[in-house]
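Report on the structure given below.
From a predicted model like this one, the values you see are computed outputs, not experimental measurements. Sequence positions, counted from 1, serve as the residue numbers for this chain.
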Amino acid sequence: MSTALERLPEGPWDAVWASPGRVNLIGEHTDYNDGYVLPFALPQLTVVGGRRTAGESWTVSSEQTGETVTFGPDDKVEGWAAYVAGIVWALREAGHDVPGASLAIASDVPFGAGLSSSAALGCAVMAVLVDLAGLDVPMAVRPRLAQRAENEYVGAPTGIMDQSASTLCREGHALFLDCRSLATEQVPFDLAAQGLAILVVDSRAPHAHVSGEYAARRRSCEEAAKILDVTALRDVEPAGLQAALARLDDEVMRRRVRHVVTEDQRVLDTVEALRAGDARLIGPLMTASHESMRDDYEITVPEVDTVVSAALAAGAYGARMTGGGFGGCVLALVDAERCEAVEAAVRGAFADAGFAPPDAFVVTPAEGTHKIR
């Protein structure tokens with residue numbers, strides 16, 4: 001199978017950049033609550049080639065859709081091209097002079113699987129435009145700009161994790177990100193040295209971040225923070241969780257708060273386990289995270305629950321859904337030699353349940369946004 005770089009039109013291009021998709025090892029729906037997340041970048045890339053053009057217009061073509069879209073600075077763009085136009089808008093809003101450009105996109109990041117294909121697209125487009133214009137936009141600043149493009153231009157209420165992971169992750173590491181301070185730590189995550197692997201199973205259940213369900217959970221968290229008189233749910237300490245829950249009258253809101261507070265602690269515990277060099281210890285934390293997403297945050301679907309159950313029954317150390325929820329992918333921590341057996345068990349469980357066959361692949365932590373040429 002050809003790679004995204006091989007499928008990118010030959011150009012000529014003045015710059016070619018790539019940004020990866022990501023999976024979140026643990027820390028789901030904590031980012032917009034000022035909490036902690038621990039993503040790592042995937043080997044799958046979105047590649048963007050660009051060249052400067054005269055005037056103030058931008059043309060972008062996608063090998064995935066076969067479409068070409070042209071827009072000016074005042075045009076409101078919809079669909080997939082909105083993620084490109086949003087980056088132009090965000091850079092201009094930040095005071096940068098963005099030259100006209102012709103862009104082409106090719107991607108290996110599965111769309112709609114919860115692997116952050118939208119952030120990979122936005123971050124790669126930003127890298128190309130910054131390069132073409134010679135702008136001084138440090139890597140550490142770019143995730144916030146890319147998030148603003150998704151939030152305010154596209155209308156997707158994402159936190160900053162996806163853009164941070166796609167931009168800042170390093171090969172062989174997970175990115176420990178404090179979503180309030182934006183402080184980061186590259187945590188060693190060399191599974192091969194311990195005879196382990198992460199098996200990603202794409203349930204192929206539809207997944208959409210712009211859905212009302214995602215936005216509803218974010219609103220619920222923000223309302224709970226107001227009632228509890230804290231800036232964000234990150235400020236609720238685990239030791240004070242029961243007292244905080246007692247102050248909330250709504251049972252659904254209590255479940256949402258419980259997930260966020262306990263998930264933040266699971267991220268911290270996972271980081272400590274990885275620093276200690278024993279990745280097997282994170283398995284139970286991954287599974288507890290999934291149970292919390294299933295029972296308290298209510299964002300799983302039968303397909304992803306089936307993957308988790310089948311993987312655990314087949315010997316996985318832990319398994320959890322990753323991404324915003326309502327479909328998408330599951331991560332399973334397994335012995336490297338057991339990947340095929342666990343995949344076969346999941347496929348069998350899907351066949352028994354009458355689900356369409358899933359897709360599965362082994363991943364290793366890869367590099368964030370980088371220049372190809």
Under 3.5 Å side-chain donor-acceptor pair for S289 and E263: yes
Any side-chain heavy-atom pair of I160 and L177 under 4.5 Å: yes
Residue of the set T270, V187, V267 for which side-chain contact (heavy atoms from CB on, under 4.5 Å) holds with L25: T270
Side chains of Y83 and V77 in contact at under 4.5 Å (non-hydrogen atoms): no
Contact check, side chains of C329 and V200, non-hydrogen atoms, under 4.5 Å: yes
is_close_aromatic(H29, Y297), centroid dist under 6.0 Å: yes
Crowding at CG, D229 (>12 non-hydrogen neighbours, <6.0 Å): no
Shortest non-hydrogen contact between A90 and L145, atoms and distance: CB-O, 3.6 Å
side-chain contact (heavy atoms from CB on, under 4.5 Å) between V47 and R7, worked out: CA-CA 9 Å; V47 179; R7 297 194 306 275; over 6 Å; no
Linked, directly or transitively: V307 and V362 (ILVMFWY side chains, under 4.5 Å): yes
E56/R92 ion pair, N-O < 4.0 Å: yes
Side-chain donor/acceptor of T167 to backbone N/O of M139, under 3.5 Å: no
Inter-residue atom distance L191.CG - T364.OG1, 0.5 Å rounding: 9.0 Å
CD on E303 to CG on D202, rounded to 0.5 Å: 10.5 Å
Heavy-atom donor-acceptor pair, T306 side chain to P302 backbone, under 3.5 Å: yes
R266 and T262 side chains, donor-acceptor separation under 3.5 Å: yes
Residues in side chain to side chain donor-acceptor pair (under 3.5 Å) contact with T184, at least two apart in sequence or another chain: none
N24-T322 side chain donor-acceptor pair, cut-off 3.5 Å: no
E298 (side chain) donor-acceptor with D295 (main chain) under 3.5 angstrom: no
For the student: nearest non-hydrogen atoms of A244 and L228, plus distance: O-CD2, 3.4 Å
Close side-chain approach of L129 to V88, heavy-atom, < 4.5 Å: yes
Distance, nearest 0.5 Å, that separates CG of L233 from NE2 of H259: 10.5 Å
Considering all heavy atoms, the nearest V304-G328 contact: CG1-O, 3.9 Å
Backbone N/O of P99 and side chain of W58: donor-acceptor pair under 3.5 Å: yes
Side chain proximity check, P357 to R347, heavy atoms < 4.5 angstrom: yes
Pairs satisfying salt bridge (Lys or Arg N to Asp or Glu O under 4.0 Å), at least one member in residues 268-290, at least two apart: E185-R275, E272-R275, R280-D335
Main-chain N/O of R217 paired to E222 side chain as donor or acceptor, under 3.5 Å: no
Shortest non-hydrogen contact from A120 toward V109: CB-CG2, 4.3 Å
Side chain R256, main chain D296, donor-acceptor under 3.5 Å: yes
T300 backbone acceptor or donor facing H290 side chain under 3.5 Å: no
NZ/NE/NH1/NH2 to OD/OE distance under 4.0 Å, R320 and E291: no
Distance-only polar pair, side chains of R22 and S166, donor-acceptor under 3.5 Å: no
Working for side-chain contact (heavy atoms from CB on, under 4.5 Å), residues R180 and T231: CA-CA 10 Å; R180 172 171 286 169; T231 302; 3.7 Å; yes
Side chain proximity check, V334 to I198, heavy atoms < 4.5 angstrom: no
Pair S19-T369, side-chain hydrogen bond (donor to acceptor under 3.5 Å, both in side chains): steps then yes or no: CA-CA 4 Å; S19 292; T369 298; 2.7 Å; yes
side-chain contact (heavy atoms from CB on, under 4.5 Å) between I299 and M321, worked out: CA-CA 9 Å; I299 55 173; M321 185 191 70; 3.7 Å; yes
More than 12 heavy atoms from other groups under 6.0 Å of CD on E251: yes
T59 versus T70, side-chain donor and acceptor atoms under 3.5 Å: yes
Residue pair A316 / A332: nearest heavy atoms and the distance that separates them: CB-CB, 4.3 Å
Approximate separation, where rounding is to 0.5 Å, of D108 CG and L5 CG: 9.5 Å
Residues, nucleotides or ligands: over 12 heavy atoms within 6.0 Å of E340 CD: no
side-chain contact (heavy atoms from CB on, under 4.5 Å) against A119, all qualifying residues, sequence neighbours excluded: S116, E150, D162, Q163
Ring center gap for Y214 and Y32 short of 6.0 angstrom: yes
Shared hydrophobic cluster for W13 and V128 (ILVMFWY, side-chain gaps under 4.5 Å): no
Same cluster (ILVMFWY, side-chain, under 4.5 Å), L196 and L281: no
For the student: nearest non-hydrogen atoms of L199 and C339, plus distance: CD2-O, 4.0 Å
Intermediate values then yes/no, side-chain hydrogen bond (donor to acceptor under 3.5 Å, both in side chains), T46 and S107: CA-CA 4 Å; T46 292; S107 183; 2.7 Å; yes
Linked, directly or transitively: V154 and I105 (ILVMFWY side chains, under 4.5 Å): yes
Member of N33, V230, V261 meeting the side-chain contact (heavy atoms from CB on, under 4.5 Å) criterion with D235: V230
Interatomic spacing from CG in L45 to CG in L8 - rounded to 0.5 Å: 12.0 Å
Minimum side-chain heavy-atom gap V125-L103 below 4.5 Å: yes
R52 (side chain) donor-acceptor with L132 (main chain) under 3.5 angstrom: yes
Test side-chain contact (heavy atoms from CB on, under 4.5 Å) applied to V137 and H96, step by step: CA-CA 9 Å; V137 185; H96 299 293; 3.6 Å; yes
Y36 backbone acceptor or donor facing D178 side chain under 3.5 Å: no
Check: L285 and I26 side chains under 4.5 Å, non-hydrogen atoms: yes
Short side-chain donor-acceptor distance under 3.5 Å, Q64 and W80: no
Row check, F71 ring normal vs K76 NZ/CZ: under 6.0 Å, within 45°: no
Donor-acceptor contact present, side-chain R51 to main-chain A101, <3.5 Å: no
